[in-house]
There are 2 protein chains.
Amino acid sequence: MPLTGHPIVTRLTRVMGLKAAEIESLAAIFERDLSVKKREELIVHGSEFRSLCFVKAGYAIRYRLLRSGKRQILKLILPGDVVGLPVSFFDRSGYAVVAVSELTYAVCPFASYVRLCYEQPKFGLVLSWLAAEEAATYAEHIVNLGRRTPIERLAQLLLDTHARLLAVGLAGEASFNLPFSQEIMADALGLSVPHLNRVMQQLRAEHLVTSNARLIDLTDLAGLRRLAQYQSTDLAPIPVF
Amino acid sequence: MPLTGHPIVTRLTRVMGLKAAEIESLAAIFERDLSVKKREELIVHGSEFRSLCFVKAGYAIRYRLLRSGKRQILKLILPGDVVGLPVSFFDRSGYAVVAVSELTYAVCPFASYVRLCYEQPKFGLVLSWLAAEEAATYAEHIVNLGRRTPIERLAQLLLDTHARLLAVGLAGEASFNLPFSQEIMADALGLSVPHLNRVMQQLRAEHLVTSNARLIDLTDLAGLRRLAQYQSTDLAPIPVF
DNA sequence: CGAAATTTTGATCCAGTTCAATCCATGTGG
DNA sequence: CCACATGGATTGAACTGGATCAAAATTTCG
């Protein structure tokens, strides 16, 4: 399974240079690409899941459904993201993942990856880095939900999504095609759909963004950043010995 | 620096059996124990931080201060926890950590740990596991803040804190000494102090907990778990090859 | 013992939810 | 190519859960 041009290679390379030989040993443990249709579940809540899935194209959400019927979305999953982290470390998944568009990804069994870590320690560190990045994203989300106003939250979400899409070449300098419905954004930000809608209008009214349908234009990027108190968190490169 | 009886050894052993030799190579990279006084900052927001600190005794909080003056607490840090994860992976810390009681811990330079990972790949996996656990804790926190009612959040916080204290031998079967003020709990749960106080009273009124001062008694553990929809998330053991 | 920190209570108010209804775009089959 | 179905976006009105602000009561600590 060749990995050339795969968003995940782009992503890993940014963190730690990978030699051709290393990319090859990574490619060796991958199975054939899979794809799922919109609305299909990649991970079922409560089930066991022991694979790493590197998203190539398409979008998904990781979420938890509560008894009350409410849904909290933990993460918007974009190309380049890893599904199955941190789930693979646990007995059973505490969350579900569902595709919100057609989605294709490369899979490798978690056990194979772990074996690779024993052979080439670098990969163990890469895994740590990915997990740490995941944790940092979640941390930002906590701040958002706990102590930010709705408009700040939305600004943050738009900026973050834009930055992540940009990093894998799926966005323009200040515009992008938002692949998520308002219901999804509301469930990510802990708001009701009507309110999210009004907050979106507010952003437009203040000339911070322009949007027609799902096409978002970050008209005033600096203003948005100020509003969201946006701070980019750069991963430090992995030391090599 | 001998690590015998250190809470972190207890914690790591649960995830992955460590041979005596391995504990020793771990002990070798640790410096002398440090301690800080109440209110002292372990990590300053925006600074660089490249160490792993394993808490031996005492309590701390990881938090973010916003322009508005509001504070969001990301994590209540207890003995056995690691400070400097995921911070060490990043250029600069996005968060601050401050002790809320006298606190003692063992430190090792992050670079030393990384070097150890290259020599003994197992430690790279251990690091991944710790980071994944961190991410999972944060995920639960997100659900709490986004879609749970205040009383559910508090129930969850009490159960979680109890479970974590129990794991390091600092709690009774259904009672413990809560080392955090209501202000801290409020800032963790995204509530105002007066409201947190009232929610606490509500828990008492419904005979779910009894509490005098900081001593908490989980009178009706099953009821609390039901209320919080508590589900324990067990880490799977690291495969050994 | 006095100062500071923490917990508790009360009164007011508004942001955001809830529950509908409506509007709009897109796609589908006859 | 139209009639209809479906999912998403938008709007409106009413209600309410928590925030806010302020003060008092209580505990902790120097």
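Everything numeric here is computed off the predicted structure, so don't read it as measured data. Chain naming here is simple, since letters A, B, ... match the order of the sequence lines and numbering starts at 1 in each.
No side-chain heavy atom of B:Val168 sits under 4.5 Å from any side-chain heavy atom of B:Leu78. When side chains are defined from C-beta on, A:Phe49 does not count as touching A:Val44, because their heavy atoms never get closer than 4.5 Å. Contact check for B:Leu76 versus B:Leu157: side-chain heavy atoms found under the 4.5 Å cut-off. You'll find the side chain of A:Leu103 stays beyond 4.5 Å of the side chain of A:Tyr59, heavy atoms only.
For B:Tyr95, there are no ring-ring contact (aromatic ring centres under 6.0 Å, His included) partners, not counting sequence neighbours.
Using a 4.0 Å cut-off between a side-chain N of Lys or Arg and a carboxylate O of Asp or Glu, B:Glu152 and B:Arg147 do not qualify as a salt bridge.
In this structure, the CD atom of A:Gln182 is 18 Å from the P atom of C:dC23, given to the nearest Å. Going from atom CZ of A:Phe180 over to atom P of D:dA9 covers 13 Å, rounded to whole Å. For A:Met200 and C:dG16, the CE to C1' distance is 18 Å, given to the nearest whole Å. When rounded to the nearest whole Å, the span between CD of B:Gln202 and C1' of C:dT8 equals 15 Å. Taking atom CG of A:Leu215 as the reference point, atom C1' of C:dA25 lies 16 Å away to the nearest angstrom. Look at CZ on A:Arg214: it is 18 Å from P on C:dC24, rounded to the nearest Å. One interatomic measurement links the two molecules: CD of A:Glu183 to C1' of D:dT10, which rounds to 14 Å at whole-angstrom precision.
With values rounded to the nearest 0.5 angstrom, B:His207 atom NE2 is found 9.0 Å from B:Thr219 atom OG1. Separation of atoms OG (B:Ser47) and CD (B:Glu41) is listed at 9.0 Å; rounding is to 0.5 Å.
Centroid-to-centroid, the aromatic rings of B:Phe89 and B:Phe110 come within less than 6.0 Å.
Taking only side-chain nitrogens and oxygens, A:Gln201 never comes nearer than 4.0 Å to OP1 or OP2 of D:dA9. Between B:Asn197 and the phosphate of C:dT7, there is no side-chain N or O to OP1/OP2 separation shorter than 4.0 Å.
Using a 4.0 Å heavy-atom distance criterion, B:Arg39 is classed as making no nucleic acid contact.
Each end of the helix from C:dC1-D:dG30 to C:dG30-D:dC1 gets its own axis, taken as the rotation carrying the C1' atoms of four end pairs onto the next four within a five-pair window, and the two axes meet at 50° to the nearest 10 degrees.
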Q.
At under 4.0 Å between heavy atoms, how does the protein contact nucleotides 12-30 of chain D? Give one character per nucleotide, 5' to 3', with B, S or -.
A. BB----SSBB---------
